[in-house]
Protein chains: 2
Amino acid sequence: MFLQNPTKQAAITTADKVFEQLQHAIVEGDMTAGSKISEPELAKRYEISRSTLREALNRLEKCHLIERKANVGSRVVDCTIEGLLELYITREALEGMACRQAALNMTDEEIAYMQDMLAKHAGDKALQDGIAYYQEEGDVDFHYKVILGSHNQQLINLICDQLYHLVRMYRCQFGMYSPRATRAFTEHSNIIQAICDRDGELAELLMRRHIAASRKNIENKIALQKATQKSEEL
Amino acid sequence: MFLQNPTKQAAITTADKVFEQLQHAIVEGDMTAGSKISEPELAKRYEISRSTLREALNRLEKCHLIERKANVGSRVVDCTIEGLLELYITREALEGMACRQAALNMTDEEIAYMQDMLAKHAGDKALQDGIAYYQEEGDVDFHYKVILGSHNQQLINLICDQLYHLVRMYRCQFGMYSPRATRAFTEHSNIIQAICDRDGELAELLMRRHIAASRKNIENKIALQKATQKSEEL
DNA sequence: TGAAAATTAATTGTCGACAATTATACTTAA
DNA sequence: TTAAGTATAATTGTCGACAATTAATTTTCA
C-alpha cells in the first residue's frame with residue numbers, strides 16, 4: 001500500500017525519516033486526531049532538534065495531516081464526517097479527470113499491465129472470497145495505477161502526495177475495510193474496459209460513479225448508525 | 001485580485017511576510033522561472049536568518065512555486081506549455097466540481113451578491129469596452145466567489161491556496177490578459193443562472209466548458225505561434 | 001466569592017554556528 | 001589534451017540558545 005510518487009527520491013535526510021514515522025503515527029491513530037502537538041516533547045521523543053522536527057511538521061502540513069496557527073502551534077487534523085464527505089467529493093472530481101486522461105494518455109503496455117493486475121485479483125478473490133484485505137490492496141493499486149496513467153503530473157501530485165494520506169487516515173480511524181468488494185471488482189473491470197477503448201468520457205463517468213457509490217455507502221452507514229443510536233436512546 | 005482564503009489569518013510572522021514578497025516576485029517574474037535559489041544570498045537580501053527563509057521557502061513549496069531536492073537546493077518552478085495545459089485540466093476538474101457544489105450549497109444571499117457583481121461588471125464593460133484589466137479582475141472575482149460558494153473546505157484550500165498562485169504565475173509569464181472578454185461574460189451569466197436554478201449538473205458542465213474553452217484558446221495560440229515561427233524559418 | 005489585572009511559566013519564532021553533503025577547482029596520470 | 005581522482009570551496013541540513021508571543025497562575029479589588 002505505497003502511494004508515494006515514484007518520481008520522487010527516497011527519504012534520506014533525518015527530517016524525511018521523522019516525517020514518515022509521524023505520518024504513519026497520525027494515519028494509524030497512534031497520535032490521536034485533533035490533539036495538540038508539543039514541539040519540545042516530540043523533539044525529545046524522536047531525539048532530534050526542534051529545527052528538524054519543524055521541517056518534518058512542514059511536510060505533514062503539506063499533506064493536510066496537521067494544521068498550524070502562527071504563534072499558537074500545531075494540531076493533528078480532526079476527522080469529521082463532513083471532512084470525509086468533502087474528501088470523497090474532491091476525489092470524485094480529481095480521480096474522475098485522472099481516469100479520463102488515463103484513457104487518452106496511457107500506453108498500451110500500461111493498459112495491458114492493469115488488465116493482468118485485475119485478472120490476478122480476480123484469482124485471489126476466487127480463492128479467498130470475503131477476505132477484505134486483499135481486495136483493499138487491490139483497490140488501492142487500481143486507483144494508483146489509473147492516476148499514474150493520466151500522465152498529468154499536477155493531478156498525480158495532488159492526489160498521491162496530498163489527498164491519499166488523508167484518505168488512508170479516514171479509513172483507519174473510521175475502520176472502513178472496503179465493504180463493497182464484489183461490486184467494486186466489476187466496476188473496476190468496466191473502467192478498465194473504457195480505458196482500453198480509449199473512451200475518456202465514459203471512463204471519467206464510471207470512475208466518478210465508482211467513487212460516488214463509496215461515498216453514498218458511507219452516508220448510508222452514518223445514517224444507519226444515527227438511527228440505531230436514536231432507537232437505543234428511547 | 002486577492003485569492004487568499006479569508007478564513008486564514010493575515011501574515012504576522014516575518015516568515016509570512018517574506019513568503020508573500022517572494023510569492024509576488026516569483027509570480028510576476030522578478031525571480032526568473034527555473035532559476036536556482038541560493039539560501040544565503042536570499043537571506044542576506046531580505047535581511048533575515050536562513051531559518052526563517054527556509055520557513056518561507058516551505059510555504060512556497062506548498063503552493064508549488066518552488067521545488068526542492070534534498071541536499072541540493074530549491075529552484076523556481078519552470079513554466080512550460082505542458083505544465084500550463086495540465087493546470088487547466090486540473091482546474092476544469094476542481095472548479096467544475098466546486099461549481100456543482102456551489103449550486104447545491106450557496107445561500108440565496110450569496111447568489112444575490114454574485115448576480116449584483118455580474119451586473120456591475122456589465123456596467124463597467126459597457127463604459128470601458130475593450131479594457132481587459134477590469135474584465136480580468138471580474139473573472140478572478142467570479143471564479144473566486146463560485147469556489148467559496150461550494151462551502152467545501154477541501155476544494156477551497158486546493159484551488160485558492162495552491163493552484164491559483166500557479167495560475168497567476170502562468171498568466172504573468174505568458175502575458176495572457178483575458179483574451180475572451182465578451183464571450184467569457186455571457187458564459188459567466190449562464191453559470192450563475194444554473195446556480196440560481198440549483199442545477200448542479202448543468203452548473204458543473206458549463207464551468208468545465210468555460211475553463212476548457214480558455215484552454216483551447218491557449219492551445220490555438222500556441223499552435224499559431226509555432227506556425228508563424230515555422231514560416232519565418234523558411 | 002467572583003472577576004479582572006498583573007505576573008509568571010511555557011511555547012513558538014528567530015538567530016548564528018557547526019556538521020554533512022554536494023559542487024567546483026585543481027592536480028596527476030594516461 | 002583529456003580523463004579520472006583528489007582536494008578545496010560552497011551549500012544544505014542540523015543543532016542549541018535567545019527573543020517574542022501566548023497560555024497559565026497568582027494577586028488584587030469590587
Side-chain angles (χ1 to χ4, degrees), chain A residues 4-5 7-23 25-26 31-78 161, chain B residues 4-5 7-23 25-26 31-78 161:
Chain A
Q4 308 300 353
N5 186 342
T7 62
K8 291 201 175 168
Q9 59 193 325
I12 48 178
T13 178
T14 64
D16 279 319
K17 293 171 194 163
V18 174
F19 160 68
E20 288 189 353
Q21 295 182 54
L22 288 174
Q23 185 178 286
I26 292 177
M31 299 181 71
T32 53
S35 64
K36 189 170 182 328
I37 290 174
S38 164
E39 292 186 3
E41 184 197 322
L42 260 192
K44 209 182 293 174
R45 190 188 306 173
Y46 286 86
E47 295 175 327
I48 55 175
S49 79
R50 263 184 63 226
S51 307
T52 92
L53 174 69
R54 281 162 71 83
E55 187 72 34
L57 292 182
N58 268 315
R59 298 202 186 133
L60 290 173
E61 196 185 6
K62 267 172 214 157
C63 45
H64 303 171
L65 290 178
I66 69 168
E67 289 170 348
R68 292 177 76 188
K69 267 191 235 171
N71 285 317
V72 174
S74 314
R75 304 193 80 90
V76 179
V77 78
D78 214 355
D161 293 347
Chain B
Q4 308 300 352
N5 185 343
T7 62
K8 292 203 174 167
Q9 60 194 322
I12 48 179
T13 178
T14 64
D16 279 318
K17 292 171 194 162
V18 173
F19 160 68
E20 288 188 353
Q21 295 183 53
L22 289 173
Q23 185 178 285
I26 291 176
M31 298 181 72
T32 53
S35 64
K36 188 169 183 328
I37 289 174
S38 165
E39 291 184 4
E41 185 198 320
L42 260 191
K44 208 183 295 174
R45 191 189 304 173
Y46 285 87
E47 294 176 328
I48 55 176
S49 79
R50 263 185 62 226
S51 306
T52 91
L53 175 69
R54 281 161 72 82
E55 187 72 34
L57 291 182
N58 267 315
R59 299 202 187 137
L60 290 173
E61 197 185 7
K62 265 172 218 157
C63 46
H64 304 173
L65 290 178
I66 70 170
E67 290 169 348
R68 291 177 76 187
K69 267 191 235 171
N71 286 316
V72 174
S74 314
R75 304 193 81 90
V76 180
V77 77
D78 213 356
D161 292 347

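First the proteins, then the strands, lettered A, B, ... as listed; each starts at 1. When reading the values below, keep in mind they use all heavy atoms of this one structure, side chains included, and skip hydrogens, waters and symmetry mates. Every value quoted in this text rests on a predicted model; they were computed, and no experiment measured them.
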- Note on the structure: When rounded to the nearest 0.5 Å, the distance separating CG of A:D16 from CD of A:Q23 is 10.5 Å

- Query: Does C:dG13 have OP1 or OP2 sitting under 4.0 Å from an N or O in the side chain of A:R68?
  - Reply: yes

- Item | Rounded distance (Å) that lies between atom P of D:dG13 and atom CZ of A:R54 | 16 Å

- Message: Both A:E47 and B:S74 contact DNA chain D. Which one's nearest nucleotide lies toward the 5' end?
- Response: B:S74

- Whole angstrom value for the distance that separates C1' of C:dG13 from NZ of A:K69: 17 Å

- Message: Distance check needed: D:dG13 C1' versus A:R59 CZ, whole Å only.
- Response: 10 Å

- Task: Measure the distance from NZ on B:K17 to C1' on C:dT14 and round it to the nearest whole Å.
- Result: 13 Å

- Result for salt bridge (charged side-chain N to carboxylate O under 4.0 Å, His left out) between A:E39 and one of A:R45, A:R50, A:K44 points to A:R50

- Expected string for nucleotides 5-11 of chain C under the B/S/- scheme (protein heavy atoms, under 4.0 Å, primed atoms plus P, OP1, OP2 as sugar-phosphate) is -------

- Message: Walk me through whether A:I37 and A:R68 qualify under side chain to side chain contact (heavy atoms under 4.5 Å, CB included).
- Response: CA-CA 10 Å; A:I37 290 174; A:R68 292 177 76 188; over 6 Å; no

- Between atom NZ in B:K44 and atom P in C:dT14, what is the gap in whole Å? 21 Å

- Query: Rounding to a whole Å, what distance do you find between B:N58:CG and C:dG13:C1'?
  - Reply: 14 Å

- Item | Under the side-chain contact (heavy atoms from CB on, under 4.5 Å) test, residues paired with A:V77 that sit two or more places apart | A:E67, A:L166, A:M169

- Message: Could you measure the distance from the CG atom of B:L65 to the CZ atom of B:R59? Nearest 0.5 Å is fine.
- Response: 14.0 Å

- Task: Could you tell me the separation between the OG atom of A:S74 and the CG atom of A:L42, rounded to the nearest 0.5 Å?
- Result: 9.5 Å

- Message: Is there a side-chain contact between A:T13 and the phosphate of D:dT14, meaning an N or O under 4.0 Å from OP1 or OP2?
- Response: yes

- Under 3.5 Å donor-acceptor, B:R75 side chain and B:G34 backbone: yes

- Message: If I take atom CD1 in residue A:I12 and atom C1' in nucleotide D:dG13, what distance separates them, rounded to the nearest angstrom?
- Response: 10 Å

Tabulate atom names and distances for all N/O pairs under 3.5 angstrom spanning the protein and nucleotides 16-20 of chain D.
residue: D:dG16; atom: O6; partner: A:S51; partner atom: OG; Å: 3.4

- Please examine the side chains of B:I48 and B:K17, heavy atoms only from C-beta on, and report whether any two atoms are closer than 4.5 Å. no

- Message: Whole angstroms only, please: what is the CD1-P distance between A:I66 and C:dT12?
- Response: 11 Å

- Rounded distance (nearest 0.5 Å) linking atom CG of A:L53 with atom CG of A:L22: 6.5 Å

